[in-house]
*Asks:* 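Below you'll find the structure I mean.
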Amino acid sequence: MMAMTAFFNMLSARLIFLSLKLPLRPMHQKDTYILAIESSCDDTSAAVLKNGYVLSNLVAGQTVHEAFGGVVPELASRAHQKNIVPVVHQALKVAKIEPQQLNAIAFTSGPGLLGSLLVGTSFAKSMAMALNIPLIDVHHMQAHVLAHFIEDADMQKPPFPFLCLTVSGGHTQIVRVDDYFDLNIIGQTIDDAAGEAFDKAAKIMGLPYPGGPLIDKYAKAGNPNKYPFSKPRIDGFNYSFSGLKTSILYFLQKEVKQNANFVQENLNDLCASIQKSIVDVLMKKLDLAAKETGIKHIALAGGVSANSALREALKKREESLGYTAYLPKFEYTTDNAAMIGIVAYHKFLKGDFANEHVSAKARMTW
Ligand code: KG4
Ligand code: ZN
């Protein structure tokens, strides 16, 4: 009877321990090492963070999509499968960290391409189980926003509350950020994302995917006021980019009929004009949101936040409208695992861990 009671006491103590979800690490260890994995779209990335500082942040891109004018989901998952082991291995090597030193494994659980997400999710789950350490699921769009909190001497952290214009290949959102985990979307696109607008315009002009960085590059030598494209008329803080794409398409079809070399001969001016149209649309709603909320701390996030004209437009408003602009370092704009790691670090501090049932989701709310 005594032995039976002791056994149940031991069992209940173990269950209490498990349900508390305490970080499984030695009490004397003060530093927190997190391995983060990002595989939501076409970049396989792994990073190691120590207390929110980036020790390594590696990204393996996928050139296989260039010829298709966009990401091919099936090819993306296959490339992640091929890249994930060497990328994680290299991230640990650059960080000079052994797997046994890690305190948690973090991964992007969504939103994104399901096949791509599943590669990172399965890998992270297996590694956390093998090492017997906590697993942390991270929302991709939240990570773009919270990239501003990566410990980095070259970046200034925005104070709460701030507004973040999050612009990527799949999303365009104005987010009001009141705390690390108190984020609210106050405006978003009703059709194409800003990155999609760049990429589709580039595709119409015959440029390879992703066209955004190329438009940015050619625009530097062009006249932004040469071709005025139509601007959407849409209420509130929401966006629409599908009309712009159609107006570029019809305009070029008309011009190319008269001169087959029209695009090549006017590439710089076309890129500068398209870029200006997109940036004007983005800034108009951001200004409206700043005015109506009274929040003047404004951040940019996501792949399109690498765009030089968008960064310049926000920076200029520091003087003209009294904003304080927060621009992420270039390596934290496009998809990267360091941003997943910083969200994971803040979840780790709260003891907010995932269990073995967690799964990837293509669509996700905050
Ligand atoms: O955040 P991200 O790496 O992936 C998604 O989550 O979608 O964003 C990728 C998007 C692509 O559409 C790409 O063309 C765009 O960001 N992008 C740019 C620039 N750099 C990346 N767009 C305009 N100018 C850039 N410099
Ligand atoms: Zn992204």
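Both ligands and their constituent atoms are indexed starting at 1 by order of listing. Throughout, residue positions are numbered sequentially from 1 according to the sequence presented. Because only heavy atoms are used, hydrogens play no part in the values below, and waters and symmetry mates are left out as well, while side chains stay in.
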*Asks:* Which atom name does Asp335 have for its N/O/S atom nearest to the Zn ion (ligand 2)?
*Replies:* OD1
*Asks:* Please work out whether the ring planes of Tyr326 and Phe162 are parallel, tilted or perpendicular, with thresholds of 30° and 60°.
*Replies:* tilted
*Asks:* Is the Zn ion (ligand 2) less than 2.8 Å from at least one N/O/S atom of Cys41?
*Replies:*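 Checking Cys41: none of its N, O or S atoms is under 2.8 Å.
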*Asks:* Out of curiosity, is Pro213 lining ligand 1, as in a heavy atom under 4.0 Å away?
*Replies:* yes
*Asks:* Give the atoms of ligand 1, by number and element, whose distance to some non-hydrogen atom of Asp216 is under 4.0 Å.
*Replies:* 24 (N), 25 (C), 26 (N)
*Asks:* Check ligand 1 against Ser168 and write out every atom of the ligand that is under 4.0 Å from a heavy-atom position of the residue.
*Replies:*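 Counting atoms of ligand 1 from 1, those under 4.0 Å from Ser168 are 1 (O), 5 (C), 6 (O), 7 (O), 8 (O).
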*Asks:* For Leu113, which of Leu118, Val71, Val119 qualifies under side-chain contact (heavy atoms from CB on, under 4.5 Å)?
*Replies:* Val71
*Asks:* Determine, considering heavy atoms only, which of Asn336, Thr333, Thr108, Asp335 sits nearest to atom 5 (C) of ligand 1.
*Replies:*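 Answer by nearest heavy atom: Asp335.
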*Asks:* Looking only at heavy atoms, which two atoms of Asn57 and Ala337 are closest? And how far apart?
*Replies:*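 The answer is OD1-N, 3.4 Å.
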*Asks:* Less than 3.5 Å between some nitrogen or oxygen of Gly169 and one of ligand 1, yes or no?
*Replies:* yes
*Asks:* Could you check atom 15 (C) of ligand 1 against the protein and tell me its nearest heavy-atom contact, residue, atom and distance included?
*Replies:*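 Protein heavy atom with the smallest distance to atom 15 (C) of ligand 1: Val304 CG2, 3.9 Å.
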*Asks:* Enumerate the atoms of ligand 1 whose separation from the nearest heavy atom of Gly195 is less than 4.0 angstrom.
*Replies:* 12 (O)
*Asks:* Compute the shortest N/O to N/O distance between Gly303 and ligand 1 and return yes if it is under 3.5 Å, no if not.
*Replies:* yes
*Asks:* Taking a cutoff of less than 4.0 Å between a non-hydrogen atom of the residue and any ligand atom, is His140 in contact with ligand 1?
*Replies:*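 True for this residue.
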*Asks:* Taking 4.0 angstrom as the limit and counting only heavy atoms of Pro210, give me the atoms of ligand 1 inside it, by number and element.
*Replies:*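 Listed by number with element, the hits are 14 (O).
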*Asks:* If you measure every N/O of Asn307 against every N/O of ligand 1, is any gap under 3.5 Å?
*Replies:* yes
*Asks:* Should the pair Phe262 and Phe251 be assigned to parallel (<30°), tilted (30 to 60°) or perpendicular (>60°) ring geometry?
*Replies:* perpendicular
*Asks:* Asp269 and Asn223: side-chain donor and acceptor closer than 3.5 Å?
*Replies:* no
*Asks:* Pairing donors with acceptors under 3.5 angstrom, does anything connect the side chains of Asn307 and Gln275?
*Replies:*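 Asn307 vs Gln275: donor-acceptor pair found between side chains.
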*Asks:* For Gly170, take its heavy atoms, then give the atoms of ligand 1 lying under 4.0 Å from any of them.
*Replies:* 7 (O)
*Asks:* For the residue pair His144 and His140, does the interplanar ring angle fall in the parallel (under 30°), tilted (30 to 60°) or perpendicular (over 60°) class?
*Replies:* perpendicular
*Asks:* Count the heavy atoms of every other residue, nucleotide or ligand shown that sit under 6.0 Å from CZ of Phe160, and state whether that count exceeds 12.
*Replies:*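 Yes, CZ of Phe160 has more than 12 neighbouring heavy atoms, counting only those of other groups under 6.0 Å.
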*Asks:* Keeping to residues at least two apart or across chains, list the salt bridge (Lys or Arg N to Asp or Glu O under 4.0 Å) pairs with something in residues 93-122.
*Replies:* none
*Asks:* For ligand 1, which is the ligand I care about here, please tell me if His144 has any N or O atom under 3.5 Å from one of the ligand's N or O atoms.
*Replies:* yes
*Asks:* Given Leu310, Thr334, Val71, Asp199, which has its nearest heavy atom closest to atom 11 (C) of ligand 1?
*Replies:* Asp199
*Asks:* Can you check whether Gly212 has an N/O within less than 3.5 Å of an N/O in ligand 1?
*Replies:*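 For ligand 1, there is an N or O atom that lies under 3.5 Å from one belonging to Gly212.
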*Asks:* Taking just the N, O or S atoms of His144, which one is nearest to the Zn ion (ligand 2)?
*Replies:*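 This turns out to be NE2.
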*Asks:* If you look at every heavy atom in Arg311 and Leu327, which pair is closest and at what distance?
*Replies:*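 Shortest heavy-atom separation between Arg311 and Leu327 comes out as NH2-CB, 3.6 Å.
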*Asks:* Check this for me: does any side-chain nitrogen of one of Arg317 and Asp287 sit under 4.0 Å from a carboxylate oxygen of the other?
*Replies:* yes
